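Let me begin by presenting the structure, written as structure tokens, before commenting on it.
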Amino acid sequence: MRQQIAAANWKMNLSFQQAEALLDELLKKPETLKADQKVVIAVPFPYLQLAKAKLSGRKNTYVAAQNCFTKKSGAYTGEVSAEMIASMEVEYVVLGHSERREYFGESNAVLAEKTNIALEFGLTPIFCCGEPLAIREAGSQNDYVAQQLKESLFHLSADQLTKIVIAYEPIWAIGTGKTATADQAQEMHAHLRNTLASQYGQEVANSISILYGGSVKGANAADIFSRPDVDGGLVGGASLVAAEFGQIIDGLK
Ligand code: 13P
């Protein structure tokens, strides 16, 4: 069954003490998740263990890393491997966030390698895609985003693909307060699902969760998530405020 997911992406925010306090606040929320609903919290690497400890035993709630390196281990000072993340029993890893693509030069080919190694170690990648404003204004967003999927994911077997979560995050909507409308999100998500179906068949495509990201807030989450091909959200700024993220969780369908 396709999962509905409210995912937090803390990005590079919060001190250790603030992270602890936010997790404690989130834990005060009554447990309301249905069987097909999940919460995933992507925290900075130094807080993975804290988040795992705090959230263990919390129903349908998981921890994510925000990145991993392409290699298994070795002399790569400062990098963190999928194997390390998996060894902490962290379940998810965000891959290909637009900020990683933009500031760290992560190409579709590099992201194919990261996806492979994440899957090899049993992590579930939350694979991000999305177009910059110029591409949207030129009307070529569908081809652009389909290409991201093709170059990073289409070498996978159907079995591997079903282990992936996709997050569509239009770059012009990230941190700008300018959310895509629910119609724009639905249109792109349907296009992404069709793109997956053309390669893997409709049944596989229907089993993949596709999240929307970009200025999701408590006030707009339920509307965006209500669309048939929108299976939840990947949330930046609003996930740093427990009450906001709580409202977003409640917006899952
Ligand atoms: P905002 O929710 O702050 O726009 O960020 C979205 C995002 O990049 C989540 O990964």
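Remember, it's 1-based here, ligands and their atoms both numbered in the order they're listed. Here, residue 1 is the first one in the sequence, and each next residue gets the next number. Given the structure is predicted, the values throughout are model-derived calculations rather than measurements.
- Between D24 and K54 there is a salt bridge, since at least one side-chain N of the basic residue sits less than 4.0 Å from a carboxylate O of the acidic one.
- W10 and Q66 share no side-chain donor-acceptor pair at under 3.5 Å.
- For ligand 1, the polar-atom distance check against S215 finds a nitrogen or oxygen pair separated by under 3.5 Å.
- Of the residues L211, L161, L149, the one that meets the side chain to side chain contact (heavy atoms under 4.5 Å, CB included) test with I166 is L149.
- Looking only at protein heavy atoms, the nearest one to atom 5 (O) of ligand 1 is K11 NZ, 3.3 Å.
- The side chain to side chain donor-acceptor pair (under 3.5 Å) analysis of residues 107-118, with sequence neighbours excluded, yields the pairs N67-K114, R101-N108, E106-K114, N108-E151, N116-H155.
- Judged by distance alone, the side chains of Q148 and Y168 never bring a donor and an acceptor atom under 3.5 Å apart.
- The NZ atom of K72 sits 10.5 Å away from the CE atom of M84 when rounded to the nearest 0.5 Å.
- The ligand atoms of ligand 1 that sit less than 4.0 angstrom from a heavy atom of H97 are 7 (C), 8 (O), 9 (C), 10 (O).
- Those atoms of ligand 1 that come under 4.0 Å of a heavy atom in N9, given as number and element, are 9 (C), 10 (O).
- E169 OE2, 2.8 Å is the protein heavy atom nearest to atom 9 (C) of ligand 1.
- Not a single heavy atom of K217 sits under 4.0 Å from any atom of ligand 1.
- For a threshold of 3.5 Å applied to N or O pairs, the pair formed by G213 and ligand 1 contains no separation below that value.
- When only interatomic distances are considered, the shortest N/O to N/O separation between G237 and ligand 1 falls below 3.5 Å.
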message = Between F154 and Y200, is the ring pair (Phe, Tyr, Trp, His ring centres under 6.0 Å) condition met? List the steps.
response = CA-CA 9 Å; F154 276 19; Y200 293 97; 5.5 Å; yes
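- Of the protein's heavy atoms, G175 N, 2.6 Å lies nearest to atom 4 (O) of ligand 1.
- The protein heavy-atom contact nearest to atom 2 (O) of ligand 1 is G236 N, 2.9 Å.
- Short contacts between ligand 1 and G214, defined as distances under 4.0 Å to a heavy atom of the residue, involve ligand atoms 4 (O), 6 (C).
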request  = Decide yes or no on side chain to side chain donor-acceptor pair (under 3.5 Å) for H97 and E169, but give the supporting numbers first.
outcome  = CA-CA 8 Å; H97 192 282; E169 301 203 308; 3.0 Å; yes
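- The proximity of A173 to ligand 1, defined as any non-hydrogen pair under 4.0 Å, is limited to the backbone.
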